[in-house]
K.L.:
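One structure, as C-alpha coordinates, below. Some questions next.
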Amino acid sequence: MSQKVSGVKGMNDLLPGDVEVWQHVERTARDIFSRFGYGEVRTPIVEDTALFVRSVGEETDIVGKEMYTFDDKGGRSLSLRPEGTAPAARAYIEHSVGNQEPLTRWFYMGPMFRYERMKTGRYRQFHQIGAEAYGSKEPAQDVEVMDMVVQLLRQLGLSDVSLNINSLGDDACRPVYQARLVEHLRGHASELCADCQKRLERNPLRVLDCKNERCQQIAGAAPNILESLCEPCRAHFDEVKRKLDALEIKYVVNPRIMRGLDYYTRTTFEFIAAHPVLGTASTVGGGGRYDKLVKSLGGPDVPAVGFGLGLDRLCLLLKESGQHFGRPTDLFIAVADEGSADVAFTLASRLRREGLRVEFDTRGGSLKSQMKRADKVGAIFALVIGEAERQSGQAQLKPMAGGEPMPVRLDELANTLRTRLTPA
Ligand code: HAM
(Lines give C-alpha, C1' and ligand atoms only; values in the text may rest on other atoms or scores of the structure.)
Protein backbone atom coordinates (compact mmCIF):
# COMPACT_ATOMS: atom_id res chain seq x y z
CA MET A 1 0.00 0.00 0.00
CA SER A 2 1.27 3.51 -0.76
CA GLN A 3 2.14 5.69 2.17
CA LYS A 4 -0.49 8.23 3.18
CA VAL A 5 0.32 11.92 2.75
CA SER A 6 -0.96 14.08 5.61
CA GLY A 7 -1.82 17.77 5.76
CA VAL A 8 0.59 20.19 7.43
CA LYS A 9 0.30 20.33 11.23
CA GLY A 10 -1.78 23.26 12.38
CA MET A 11 -3.30 23.87 8.93
CA ASN A 12 -6.83 22.58 8.69
CA ASP A 13 -9.07 21.40 5.89
CA LEU A 14 -12.55 22.83 5.91
CA LEU A 15 -15.20 20.46 4.64
CA PRO A 16 -18.84 20.95 3.67
CA GLY A 17 -20.81 20.99 6.90
CA ASP A 18 -18.32 23.37 8.52
CA VAL A 19 -17.86 25.60 5.49
CA GLU A 20 -21.46 26.78 5.75
CA VAL A 21 -20.72 28.26 9.18
CA TRP A 22 -17.71 30.11 7.73
CA GLN A 23 -19.70 31.37 4.77
CA HIS A 24 -22.40 32.61 7.12
CA VAL A 25 -19.87 34.64 9.13
CA GLU A 26 -18.23 35.99 5.97
CA ARG A 27 -21.59 36.94 4.47
CA THR A 28 -22.71 38.64 7.66
CA ALA A 29 -19.42 40.55 7.92
CA ARG A 30 -19.68 41.76 4.31
CA ASP A 31 -23.21 42.94 4.98
CA ILE A 32 -22.30 44.80 8.19
CA PHE A 33 -19.10 46.32 6.76
CA SER A 34 -20.92 47.62 3.70
CA ARG A 35 -23.36 49.44 6.03
CA PHE A 36 -20.31 51.33 7.33
CA GLY A 37 -18.93 52.07 3.85
CA TYR A 38 -15.92 49.72 3.96
CA GLY A 39 -14.66 48.31 0.64
CA GLU A 40 -12.88 44.98 0.27
CA VAL A 41 -9.13 44.81 -0.36
CA ARG A 42 -7.24 41.65 -1.34
CA THR A 43 -3.47 41.62 -0.96
CA PRO A 44 -1.03 38.75 -1.68
CA ILE A 45 -0.40 36.09 0.95
CA VAL A 46 3.35 36.56 0.59
CA GLU A 47 5.16 39.84 1.29
CA ASP A 48 8.71 41.11 1.64
CA THR A 49 9.89 40.00 5.10
CA ALA A 50 11.07 43.56 5.87
CA LEU A 51 7.45 44.77 5.81
CA PHE A 52 6.60 42.78 8.92
CA VAL A 53 9.95 43.38 10.64
CA ARG A 54 9.45 47.14 10.27
CA SER A 55 5.76 47.22 11.26
CA VAL A 56 4.88 44.37 13.62
CA GLY A 57 8.37 44.69 15.14
CA GLU A 58 11.50 42.58 15.39
CA GLU A 59 11.14 41.91 19.11
CA THR A 60 7.57 40.61 18.90
CA ASP A 61 6.83 36.88 19.11
CA ILE A 62 5.11 37.12 15.73
CA VAL A 63 8.21 38.32 13.87
CA GLY A 64 10.88 36.88 16.16
CA LYS A 65 9.51 33.35 16.43
CA GLU A 66 6.39 32.68 14.43
CA MET A 67 6.88 33.82 10.83
CA TYR A 68 7.10 31.43 7.89
CA THR A 69 10.07 33.03 6.17
CA PHE A 70 11.93 31.71 3.13
CA ASP A 71 14.17 32.88 0.29
CA ASP A 72 12.63 32.72 -3.17
CA LYS A 73 14.65 31.59 -6.20
CA GLY A 74 15.85 35.16 -6.69
CA GLY A 75 17.26 35.24 -3.15
CA ARG A 76 14.62 37.64 -1.75
CA SER A 77 13.48 37.06 1.81
CA LEU A 78 9.71 36.60 1.74
CA SER A 79 7.23 35.75 4.49
CA LEU A 80 3.73 34.33 4.59
CA ARG A 81 1.68 37.15 6.06
CA PRO A 82 1.18 36.71 9.82
CA GLU A 83 -1.42 39.50 9.90
CA GLY A 84 -3.25 41.91 7.60
CA THR A 85 -2.54 45.45 8.82
CA ALA A 86 0.97 45.77 7.37
CA PRO A 87 0.05 44.40 3.90
CA ALA A 88 -2.98 46.71 3.75
CA ALA A 89 -0.81 49.71 4.73
CA ARG A 90 1.73 48.72 2.07
CA ALA A 91 -0.99 48.59 -0.58
CA TYR A 92 -2.45 51.90 0.65
CA ILE A 93 0.95 53.56 0.22
CA GLU A 94 1.87 51.84 -3.03
CA HIS A 95 -1.35 52.93 -4.76
CA SER A 96 -1.30 56.47 -3.29
CA VAL A 97 -4.83 55.83 -2.09
CA GLY A 98 -4.72 58.71 0.38
CA ASN A 99 -4.44 61.22 -2.48
CA GLN A 100 -7.69 60.07 -4.03
CA GLU A 101 -9.59 59.29 -0.88
CA PRO A 102 -8.53 61.15 2.28
CA LEU A 103 -10.75 58.96 4.44
CA THR A 104 -10.23 55.37 3.30
CA ARG A 105 -12.08 52.41 4.79
CA TRP A 106 -11.04 48.87 3.88
CA PHE A 107 -11.81 45.36 5.03
CA TYR A 108 -10.23 42.01 4.19
CA MET A 109 -10.69 38.32 4.83
CA GLY A 110 -8.19 35.56 4.38
CA PRO A 111 -5.59 33.16 5.70
CA MET A 112 -2.71 34.30 7.92
CA PHE A 113 0.24 32.19 9.08
CA ARG A 114 2.02 31.96 12.43
CA TYR A 115 4.20 29.12 13.61
CA GLU A 116 2.48 28.85 16.99
CA ARG A 117 2.04 26.05 19.47
CA MET A 118 -1.28 24.57 18.47
CA LYS A 119 -4.34 24.02 20.56
CA THR A 120 -8.05 24.60 20.15
CA GLY A 121 -8.51 27.96 18.47
CA ARG A 122 -4.78 28.42 17.81
CA TYR A 123 -3.53 27.27 14.42
CA ARG A 124 -0.60 27.81 12.07
CA GLN A 125 -2.83 28.73 9.19
CA PHE A 126 -5.72 30.71 10.62
CA HIS A 127 -8.12 33.21 9.12
CA GLN A 128 -8.83 36.81 9.90
CA ILE A 129 -11.59 39.20 9.04
CA GLY A 130 -10.09 42.64 9.47
CA ALA A 131 -10.82 46.28 8.76
CA GLU A 132 -8.63 49.37 8.60
CA ALA A 133 -9.65 53.04 8.43
CA TYR A 134 -7.03 55.56 7.27
CA GLY A 135 -7.18 59.32 7.50
CA SER A 136 -9.05 60.15 10.72
CA LYS A 137 -7.32 60.79 14.01
CA GLU A 138 -10.61 61.32 15.84
CA PRO A 139 -11.91 59.13 18.66
CA ALA A 140 -15.10 58.70 16.61
CA GLN A 141 -13.08 56.59 14.16
CA ASP A 142 -11.83 54.31 16.95
CA VAL A 143 -15.40 53.85 18.14
CA GLU A 144 -16.72 53.30 14.61
CA VAL A 145 -14.44 50.30 14.10
CA MET A 146 -15.35 48.87 17.52
CA ASP A 147 -19.04 49.41 16.76
CA MET A 148 -18.60 47.43 13.55
CA VAL A 149 -17.34 44.42 15.53
CA VAL A 150 -20.10 44.82 18.10
CA GLN A 151 -22.75 44.86 15.38
CA LEU A 152 -21.20 41.82 13.68
CA LEU A 153 -21.10 39.82 16.92
CA ARG A 154 -24.67 40.85 17.69
CA GLN A 155 -25.88 39.83 14.24
CA LEU A 156 -24.16 36.47 14.66
CA GLY A 157 -25.90 35.99 18.02
CA LEU A 158 -22.60 35.91 19.93
CA SER A 159 -23.54 37.85 23.03
CA ASP A 160 -21.05 36.58 25.59
CA VAL A 161 -18.05 38.55 24.33
CA SER A 162 -16.64 41.46 26.31
CA LEU A 163 -14.88 44.49 24.88
CA ASN A 164 -11.68 45.42 26.74
CA ILE A 165 -10.11 48.79 25.98
CA ASN A 166 -6.83 50.49 26.84
CA SER A 167 -4.57 53.30 25.67
CA LEU A 168 -0.87 52.87 24.95
CA GLY A 169 -0.18 56.60 24.76
CA ASP A 170 1.94 58.28 22.09
CA ASP A 171 5.48 59.53 21.47
CA ALA A 172 5.07 62.10 24.23
CA CYS A 173 3.96 59.84 27.08
CA ARG A 174 4.95 56.32 26.09
CA PRO A 175 8.65 56.95 26.92
CA VAL A 176 7.60 58.11 30.39
CA TYR A 177 5.71 54.88 30.92
CA GLN A 178 8.52 52.87 29.41
CA ALA A 179 10.97 54.34 31.91
CA ARG A 180 8.68 53.41 34.82
CA LEU A 181 8.24 49.94 33.39
CA VAL A 182 11.98 49.41 32.94
CA GLU A 183 12.55 50.46 36.53
CA HIS A 184 10.02 47.84 37.67
CA LEU A 185 11.42 45.13 35.39
CA ARG A 186 15.05 45.83 36.36
CA GLY A 187 14.11 44.92 39.91
CA HIS A 188 13.31 41.42 38.61
CA ALA A 189 15.79 41.22 35.72
CA SER A 190 17.40 37.96 36.81
CA GLU A 191 14.00 36.22 37.04
CA LEU A 192 12.94 37.14 33.48
CA CYS A 193 13.30 34.57 30.68
CA ALA A 194 16.29 34.95 28.35
CA ASP A 195 14.16 36.60 25.63
CA CYS A 196 12.74 39.14 28.07
CA GLN A 197 16.17 40.02 29.39
CA LYS A 198 16.96 41.15 25.83
CA ARG A 199 13.55 42.81 25.47
CA LEU A 200 14.16 44.74 28.66
CA GLU A 201 16.90 46.63 26.85
CA ARG A 202 15.47 46.76 23.32
CA ASN A 203 11.67 46.84 23.63
CA PRO A 204 10.51 46.60 27.25
CA LEU A 205 6.75 46.80 26.42
CA ARG A 206 7.03 43.37 24.80
CA VAL A 207 7.92 41.83 28.18
CA LEU A 208 4.28 42.46 29.06
CA ASP A 209 3.01 39.95 26.50
CA CYS A 210 5.58 37.21 27.10
CA LYS A 211 3.90 33.81 27.54
CA ASN A 212 6.43 32.62 30.19
CA GLU A 213 4.69 32.17 33.55
CA ARG A 214 7.24 34.00 35.72
CA CYS A 215 7.45 36.88 33.21
CA GLN A 216 3.66 37.12 33.33
CA GLN A 217 3.73 37.35 37.13
CA ILE A 218 6.29 40.12 36.97
CA ALA A 219 4.29 41.88 34.24
CA GLY A 220 1.18 41.54 36.41
CA ALA A 221 2.74 43.80 39.04
CA ALA A 222 3.97 46.36 36.48
CA PRO A 223 2.84 50.02 36.66
CA ASN A 224 -0.49 50.89 35.02
CA ILE A 225 0.02 52.55 31.62
CA LEU A 226 -3.14 54.64 31.97
CA GLU A 227 -1.56 56.50 34.86
CA SER A 228 1.22 57.75 32.57
CA LEU A 229 -0.90 59.17 29.75
CA CYS A 230 -0.25 62.76 28.67
CA GLU A 231 -3.17 65.18 28.52
CA PRO A 232 -4.00 64.80 24.78
CA CYS A 233 -3.89 60.98 25.07
CA ARG A 234 -6.07 61.06 28.18
CA ALA A 235 -8.57 63.35 26.43
CA HIS A 236 -8.63 61.02 23.41
CA PHE A 237 -9.25 58.00 25.63
CA ASP A 238 -11.99 59.81 27.60
CA GLU A 239 -13.73 60.71 24.36
CA VAL A 240 -13.53 57.10 23.15
CA LYS A 241 -15.23 56.01 26.39
CA ARG A 242 -17.85 58.74 26.12
CA LYS A 243 -18.72 57.75 22.56
CA LEU A 244 -18.91 54.06 23.47
CA ASP A 245 -21.31 55.04 26.27
CA ALA A 246 -23.36 57.09 23.82
CA LEU A 247 -23.71 54.01 21.58
CA GLU A 248 -24.55 51.93 24.67
CA ILE A 249 -21.60 49.65 23.96
CA LYS A 250 -20.43 47.97 27.16
CA TYR A 251 -16.69 47.81 27.78
CA VAL A 252 -14.10 47.16 30.46
CA VAL A 253 -11.06 49.41 30.84
CA ASN A 254 -8.16 46.97 31.00
CA PRO A 255 -4.63 48.45 31.19
CA ARG A 256 -3.19 45.01 30.38
CA ILE A 257 -4.30 45.10 26.72
CA MET A 258 -0.81 45.56 25.20
CA ARG A 259 -1.53 43.72 21.95
CA GLY A 260 1.80 42.05 21.10
CA LEU A 261 2.46 44.17 17.99
CA ASP A 262 4.66 47.27 17.94
CA TYR A 263 2.67 49.61 15.71
CA TYR A 264 -0.04 50.74 18.13
CA THR A 265 -0.48 54.24 19.54
CA ARG A 266 -3.29 55.38 21.86
CA THR A 267 -6.41 53.17 21.75
CA THR A 268 -6.08 49.39 21.81
CA PHE A 269 -8.89 46.89 22.34
CA GLU A 270 -9.69 43.19 22.47
CA PHE A 271 -12.91 41.22 22.26
CA ILE A 272 -12.76 38.35 24.72
CA ALA A 273 -15.24 35.46 24.69
CA ALA A 274 -16.42 33.79 27.86
CA HIS A 275 -17.28 30.38 26.35
CA PRO A 276 -14.96 27.58 27.60
CA VAL A 277 -14.69 25.97 24.14
CA LEU A 278 -11.89 28.40 23.26
CA GLY A 279 -9.83 27.70 26.40
CA THR A 280 -6.89 30.09 26.50
CA ALA A 281 -7.57 31.22 22.91
CA SER A 282 -10.50 33.32 24.10
CA THR A 283 -9.55 36.55 22.32
CA VAL A 284 -11.74 36.55 19.23
CA GLY A 285 -10.46 39.87 17.97
CA GLY A 286 -8.17 42.76 18.66
CA GLY A 287 -7.11 46.04 17.22
CA GLY A 288 -6.30 49.62 17.84
CA ARG A 289 -4.95 52.88 16.53
CA TYR A 290 -1.62 53.06 14.68
CA ASP A 291 -1.00 56.69 13.77
CA LYS A 292 2.71 56.30 12.92
CA LEU A 293 2.75 53.13 10.85
CA VAL A 294 1.89 54.46 7.39
CA LYS A 295 4.57 57.16 7.61
CA SER A 296 7.15 54.75 9.01
CA LEU A 297 6.63 52.51 5.97
CA GLY A 298 7.46 55.42 3.66
CA GLY A 299 3.91 56.71 3.17
CA PRO A 300 2.20 59.99 4.05
CA ASP A 301 1.61 61.04 7.65
CA VAL A 302 -1.82 59.43 7.92
CA PRO A 303 -3.43 58.22 11.14
CA ALA A 304 -5.21 54.86 11.11
CA VAL A 305 -7.17 52.45 13.26
CA GLY A 306 -8.45 48.92 12.68
CA PHE A 307 -9.08 45.43 13.98
CA GLY A 308 -8.58 41.77 13.15
CA LEU A 309 -11.04 39.04 14.11
CA GLY A 310 -10.11 35.37 14.35
CA LEU A 311 -12.52 33.68 11.96
CA ASP A 312 -11.60 30.17 13.17
CA ARG A 313 -12.45 31.19 16.73
CA LEU A 314 -15.71 32.92 15.77
CA CYS A 315 -16.78 29.77 13.91
CA LEU A 316 -15.94 27.54 16.89
CA LEU A 317 -18.19 29.73 19.03
CA LEU A 318 -20.95 29.74 16.46
CA LYS A 319 -20.89 25.96 16.11
CA GLU A 320 -21.35 25.73 19.88
CA SER A 321 -24.51 27.79 19.55
CA GLY A 322 -26.09 24.86 17.65
CA GLN A 323 -27.47 27.01 14.82
CA HIS A 324 -27.65 25.55 11.29
CA PHE A 325 -26.53 27.50 8.27
CA GLY A 326 -26.61 25.10 5.32
CA ARG A 327 -29.26 25.69 2.67
CA PRO A 328 -31.39 22.56 2.24
CA THR A 329 -32.08 20.73 -1.00
CA ASP A 330 -35.47 21.79 -2.37
CA LEU A 331 -36.24 18.58 -4.23
CA PHE A 332 -34.87 15.06 -4.59
CA ILE A 333 -35.83 13.32 -7.83
CA ALA A 334 -35.89 9.53 -7.58
CA VAL A 335 -36.26 7.07 -10.45
CA ALA A 336 -38.59 4.04 -10.25
CA ASP A 337 -37.27 2.20 -13.34
CA GLU A 338 -34.21 2.46 -15.52
CA GLY A 339 -36.25 3.72 -18.47
CA SER A 340 -37.10 6.90 -16.51
CA ALA A 341 -33.51 7.84 -15.69
CA ASP A 342 -33.03 10.16 -18.71
CA VAL A 343 -36.31 12.01 -18.12
CA ALA A 344 -35.48 12.49 -14.43
CA PHE A 345 -31.92 13.60 -15.18
CA THR A 346 -33.15 16.19 -17.70
CA LEU A 347 -35.89 17.38 -15.35
CA ALA A 348 -33.33 17.91 -12.57
CA SER A 349 -31.13 19.99 -14.87
CA ARG A 350 -34.11 22.07 -16.06
CA LEU A 351 -35.21 22.87 -12.51
CA ARG A 352 -31.69 23.91 -11.51
CA ARG A 353 -31.63 26.34 -14.45
CA GLU A 354 -34.74 27.84 -12.89
CA GLY A 355 -32.84 28.44 -9.65
CA LEU A 356 -34.02 25.45 -7.60
CA ARG A 357 -31.73 23.22 -5.54
CA VAL A 358 -32.27 19.73 -6.87
CA GLU A 359 -30.52 16.41 -6.14
CA PHE A 360 -30.51 13.33 -8.31
CA ASP A 361 -28.54 10.16 -7.62
CA THR A 362 -26.42 9.60 -10.74
CA ARG A 363 -25.61 6.05 -9.57
CA GLY A 364 -29.22 4.91 -9.98
CA GLY A 365 -29.94 2.07 -7.54
CA SER A 366 -33.10 0.86 -5.84
CA LEU A 367 -35.95 3.25 -5.09
CA LYS A 368 -35.44 2.49 -1.39
CA SER A 369 -31.76 3.52 -1.46
CA GLN A 370 -32.62 6.70 -3.41
CA MET A 371 -35.27 7.68 -0.85
CA LYS A 372 -32.75 7.04 1.92
CA ARG A 373 -30.43 9.51 0.25
CA ALA A 374 -33.27 12.05 -0.11
CA ASP A 375 -33.64 11.80 3.64
CA LYS A 376 -29.89 12.08 4.28
CA VAL A 377 -29.43 15.22 2.18
CA GLY A 378 -32.35 16.81 4.04
CA ALA A 379 -34.47 17.40 0.93
CA ILE A 380 -37.68 19.32 1.55
CA PHE A 381 -39.60 17.45 -1.17
CA ALA A 382 -39.11 14.20 -3.09
CA LEU A 383 -40.62 13.15 -6.38
CA VAL A 384 -40.59 9.69 -7.95
CA ILE A 385 -40.56 9.31 -11.73
CA GLY A 386 -41.58 5.98 -13.24
CA GLU A 387 -43.37 4.83 -16.36
CA ALA A 388 -46.80 6.11 -15.19
CA GLU A 389 -45.45 9.60 -14.45
CA ARG A 390 -43.70 9.76 -17.82
CA GLN A 391 -46.88 8.79 -19.62
CA SER A 392 -49.21 11.13 -17.71
CA GLY A 393 -46.83 14.07 -17.22
CA GLN A 394 -47.96 14.11 -13.59
CA ALA A 395 -46.28 13.00 -10.35
CA GLN A 396 -46.72 13.10 -6.56
CA LEU A 397 -44.73 15.72 -4.67
CA LYS A 398 -43.92 14.24 -1.29
CA PRO A 399 -43.04 16.48 1.66
CA MET A 400 -40.12 14.70 3.34
CA ALA A 401 -41.06 15.97 6.80
CA GLY A 402 -44.38 14.08 6.52
CA GLY A 403 -47.84 15.00 5.33
CA GLU A 404 -49.94 14.18 2.28
CA PRO A 405 -48.24 13.96 -1.15
CA MET A 406 -49.73 16.39 -3.65
CA PRO A 407 -50.26 15.82 -7.36
CA VAL A 408 -48.17 18.08 -9.65
CA ARG A 409 -47.80 18.49 -13.40
CA LEU A 410 -44.15 17.98 -14.38
CA ASP A 411 -44.20 20.95 -16.76
CA GLU A 412 -45.40 23.20 -13.91
CA LEU A 413 -43.09 21.75 -11.29
CA ALA A 414 -40.80 24.78 -10.97
CA ASN A 415 -43.71 27.16 -10.24
CA THR A 416 -45.40 24.73 -7.87
CA LEU A 417 -42.17 24.24 -5.95
CA ARG A 418 -41.53 27.95 -5.74
CA THR A 419 -44.95 28.65 -4.22
CA ARG A 420 -44.63 25.73 -1.82
CA LEU A 421 -41.11 26.74 -0.74
CA THR A 422 -41.86 30.40 -0.13
CA PRO A 423 -43.00 30.84 3.45
CA ALA A 424 -46.53 32.33 3.59
P1 HAM B 1 -3.86 39.94 16.49
O2 HAM B 1 -4.38 40.18 17.87
O3 HAM B 1 -2.49 39.43 16.38
O4 HAM B 1 -4.02 41.31 15.72
O5 HAM B 1 -4.83 38.96 15.74
C6 HAM B 1 -6.21 39.23 15.64
C7 HAM B 1 -7.02 37.98 15.95
O8 HAM B 1 -6.60 36.90 15.11
C9 HAM B 1 -6.82 37.42 17.35
O10 HAM B 1 -7.63 38.12 18.28
C11 HAM B 1 -7.26 35.99 17.19
O12 HAM B 1 -8.67 35.89 17.29
C13 HAM B 1 -6.82 35.66 15.79
N14 HAM B 1 -5.60 34.88 15.81
C15 HAM B 1 -4.33 35.31 15.98
N16 HAM B 1 -3.47 34.29 15.94
C17 HAM B 1 -4.20 33.17 15.74
C18 HAM B 1 -3.88 31.77 15.60
N19 HAM B 1 -2.63 31.32 15.64
N20 HAM B 1 -4.90 30.90 15.41
C21 HAM B 1 -6.19 31.34 15.36
N22 HAM B 1 -6.53 32.63 15.47
C23 HAM B 1 -5.56 33.54 15.66
C24 HAM B 1 -3.65 41.51 14.42
O25 HAM B 1 -3.33 40.63 13.67
C26 HAM B 1 -3.79 42.94 13.98
N27 HAM B 1 -3.40 43.02 12.55
C28 HAM B 1 -5.20 43.48 14.19
C29 HAM B 1 -5.33 44.90 13.76
C30 HAM B 1 -5.87 45.33 12.61
N31 HAM B 1 -4.91 45.95 14.42
C32 HAM B 1 -5.19 47.05 13.73
N33 HAM B 1 -5.75 46.68 12.61
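Note that ligands are numbered from 1 as they come in the structure, with each ligand's atoms numbered from 1 the same way.
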K.L.:
In terms of relative ring orientation, are Tyr134 and Tyr92 parallel, tilted or perpendicular, with 30° and 60° separating the classes?
P.N.:
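Geometry flag for Tyr92 against Tyr134: parallel rings.
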K.L.:
Only heavy atoms of Glu116, strictly under 4.0 Å: list the atoms of ligand 1 that pass.
P.N.:
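With Glu116 as reference, the close atoms of ligand 1 come out as 16 (N), 17 (C), 18 (C), 19 (N).
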K.L.:
Give the atoms of ligand 1, by number and element, whose distance to some non-hydrogen atom of Gly287 is under 4.0 Å.
P.N.:
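Answer for ligand 1: 31 (N).
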K.L.:
Per the salt bridge (charged side-chain N to carboxylate O under 4.0 Å, His left out) rule, which among Arg259, Arg256, Arg313 passes with Glu270?
P.N.:
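The salt bridge (charged side-chain N to carboxylate O under 4.0 Å, His left out) with Glu270 is passed solely by Arg259 among Arg259, Arg256, Arg313.
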K.L.:
Of the side chain and backbone of Arg124, name the one, both, or neither that has a heavy atom under 4.0 Å from an atom of ligand 1.
P.N.:
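Looking at Arg124 and ligand 1, no heavy atom falls under 4.0 Å.
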K.L.:
Starting from atom 9 (C) of ligand 1, which protein heavy atom do you reach first, and at what distance in Å?
P.N.:
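Among all protein heavy atoms, the one nearest atom 9 (C) of ligand 1 is Thr283 O, 4.0 Å.
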K.L.:
Can you report which non-hydrogen protein atom sits closest to atom 20 (N) of ligand 1, along with the distance?
P.N.:
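Its nearest protein heavy-atom neighbour is Tyr123 N, 3.0 Å.
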K.L.:
What residue and heavy atom of the protein are closest to atom 26 (C) of ligand 1, and at what distance?
P.N.:
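The closest one turns out to be Tyr263 OH, 3.3 Å.
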K.L.:
Kindly assign one of parallel, tilted or perpendicular to the pair Phe33 and Tyr38, based on the angle between their ring planes and the thresholds 30° and 60°.
P.N.:
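Phe33 vs Tyr38 ring planes: tilted.
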K.L.:
Would you say Arg259 contacts ligand 1, with heavy atoms under 4.0 Å as the rule?
P.N.:
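Arg259: in contact with ligand 1 (<4.0 Å).
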K.L.:
Taking atom types as modelled, is there a side-chain donor on Glu26 or Gln23 under 3.5 Å from an acceptor on the other?
P.N.:
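The criterion, which ignores hydrogens and geometry beyond distance, is not satisfied for Gln23 and Glu26.
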K.L.:
Quick one: does any side-chain atom of Asp170 pair with a main-chain N or O of Cys173 as donor and acceptor, under 3.5 Å?
P.N.:
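Checking the backbone N and O of Cys173 against the side chain of Asp170, a donor-acceptor pair under 3.5 Å is found.
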K.L.:
My understanding is that we take every heavy atom of each candidate and find the minimum distance to atom 18 (C) of ligand 1. Doing that for Phe271, Tyr290, Phe126, Phe307, which one comes out nearest?
P.N.:
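Minimum heavy-atom distance to atom 18 (C) of ligand 1 goes to Phe126.
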K.L.:
Please confirm whether Thr85 comes within less than 3.5 Å of ligand 1 when only nitrogen or oxygen atoms on both sides are compared.
P.N.:
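For ligand 1, there is an N or O atom that lies under 3.5 Å from one belonging to Thr85.
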K.L.:
Indicate, as side chain, backbone, both or neither, the part of Val284 found under 4.0 angstrom from ligand 1 when only non-hydrogen atoms are considered.
P.N.:
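Contact part for Val284 vs ligand 1: backbone (N, CA, C, O).
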K.L.:
Numbering the atoms of ligand 1 from 1, which are under 4.0 Å from a heavy atom of Gly286?
P.N.:
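The atoms of ligand 1 under 4.0 Å from a heavy atom of Gly286 are 10 (O), 28 (C), 29 (C).
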K.L.:
Is the number of heavy atoms from other residues, nucleotides or ligands under 6.0 Å of Gln100 CD greater than 12?
P.N.:
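Yes - once you tally the heavy atoms of other residues, nucleotides and ligands closer than 6.0 Å, there are more than 12.
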K.L.:
Heavy-atom contacts with Arg122 under 4.0 Å: which atoms of ligand 1 show up? List them by number with element.
P.N.:
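Reading through ligand 1 atom by atom, the close ones are 19 (N), 20 (N).
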K.L.:
Nearest heavy atom to atom 5 (O) of ligand 1 wins, so pick from Glu83, Arg117, Arg289, Gln128.
P.N.:
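Comparing heavy atoms across Glu83, Arg117, Arg289, Gln128, the nearest one to atom 5 (O) of ligand 1 lies in Gln128.
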K.L.:
Looking just at side-chain N and O atoms, do Ser349 and Arg353 make a donor-acceptor pair shorter than 3.5 Å?
P.N.:
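Indeed, the side chains of Ser349 and Arg353 share at least one donor-acceptor pair under 3.5 Å.
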K.L.:
Taking the six-membered ring for Trp, are Tyr68 and Tyr115 closer than 6.0 Å centroid to centroid?
P.N.:
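Centroid distance Tyr68-Tyr115: below 6.0 Å, so yes.
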K.L.:
Please state which protein non-hydrogen atom is closest to atom 13 (C) of ligand 1 and give its distance, to 0.1 Å?
P.N.:
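Atom 13 (C) of ligand 1 sits closest to the protein heavy atom Gly310 CA, 3.6 Å.
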K.L.:
What protein heavy atom sits nearest atom 3 (O) of ligand 1, and how far off is it?
P.N.:
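Here the closest protein heavy atom is Arg114 NH2, 2.9 Å.
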K.L.:
Would Glu239 and Arg242 pass as an ion pair if we require N to O under 4.0 Å?
P.N.:
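A salt bridge is present here (some side-chain N lies under 4.0 Å from a carboxylate O).
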K.L.:
Give the numbers and elements of all ligand 1 atoms closer than 4.0 Å to a heavy atom of Gly308.
P.N.:
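Atoms satisfying the 4.0 Å criterion: 6 (C), 7 (C), 28 (C), 29 (C), 30 (C).
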K.L.:
Does ligand 1 have any atom that is closer than 4.0 Å to a heavy atom of Gly121?
P.N.:
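The answer is yes, since Gly121 has a heavy atom less than 4.0 Å from ligand 1.
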K.L.:
Under a 4.0 Å heavy-atom limit, does Glu132 contact ligand 1 with its side chain, its backbone, both, or neither?
P.N.:
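The side chain, only.
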K.L.:
Quick one: which of Arg124, Arg117, Lys211, Arg122 gives a salt bridge (charged side-chain N to carboxylate O under 4.0 Å, His left out) with Glu66?
P.N.:
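Of Arg124, Arg117, Lys211, Arg122, salt bridge (charged side-chain N to carboxylate O under 4.0 Å, His left out) with Glu66 is met by Lys211 alone.
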K.L.:
What residue among Asp147, Val143, Asp238, Asp142 forms side-chain contact (heavy atoms from CB on, under 4.5 Å) with Lys243?
P.N.:
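Filter result, single survivor: Val143.
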K.L.:
Which is it for Glu132 and Phe107 under the side chain to side chain contact (heavy atoms under 4.5 Å, CB included) test, yes or no, and what are the steps along the way?
P.N.:
CA-CA 6 Å; Glu132 316 289 350; Phe107 78 89; over 6 Å; no
K.L.:
What is the closest protein heavy atom to atom 32 (C) of ligand 1, and at what distance does it sit?
P.N.:
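The protein heavy atom lying closest is Gly306 O, 3.3 Å.
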K.L.:
Can the ring centres of Phe360 and Phe345 be said to be less than 6.0 Å apart?
P.N.:
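For Phe360 and Phe345, the ring centres are under 6.0 Å apart.
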K.L.:
Examine the proximity of ligand 1 to Tyr115 and report which part, side chain or backbone, both or neither, has a heavy atom under 4.0 Å away.
P.N.:
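Answer for Tyr115: neither.
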K.L.:
Which of the atoms in ligand 1, numbered in the order shown and given with their element, are less than 4.0 Å from a heavy-atom of Tyr264?
P.N.:
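Contacts of ligand 1 toward Tyr264, numbered from 1: 26 (C), 28 (C), 29 (C), 31 (N), 32 (C).
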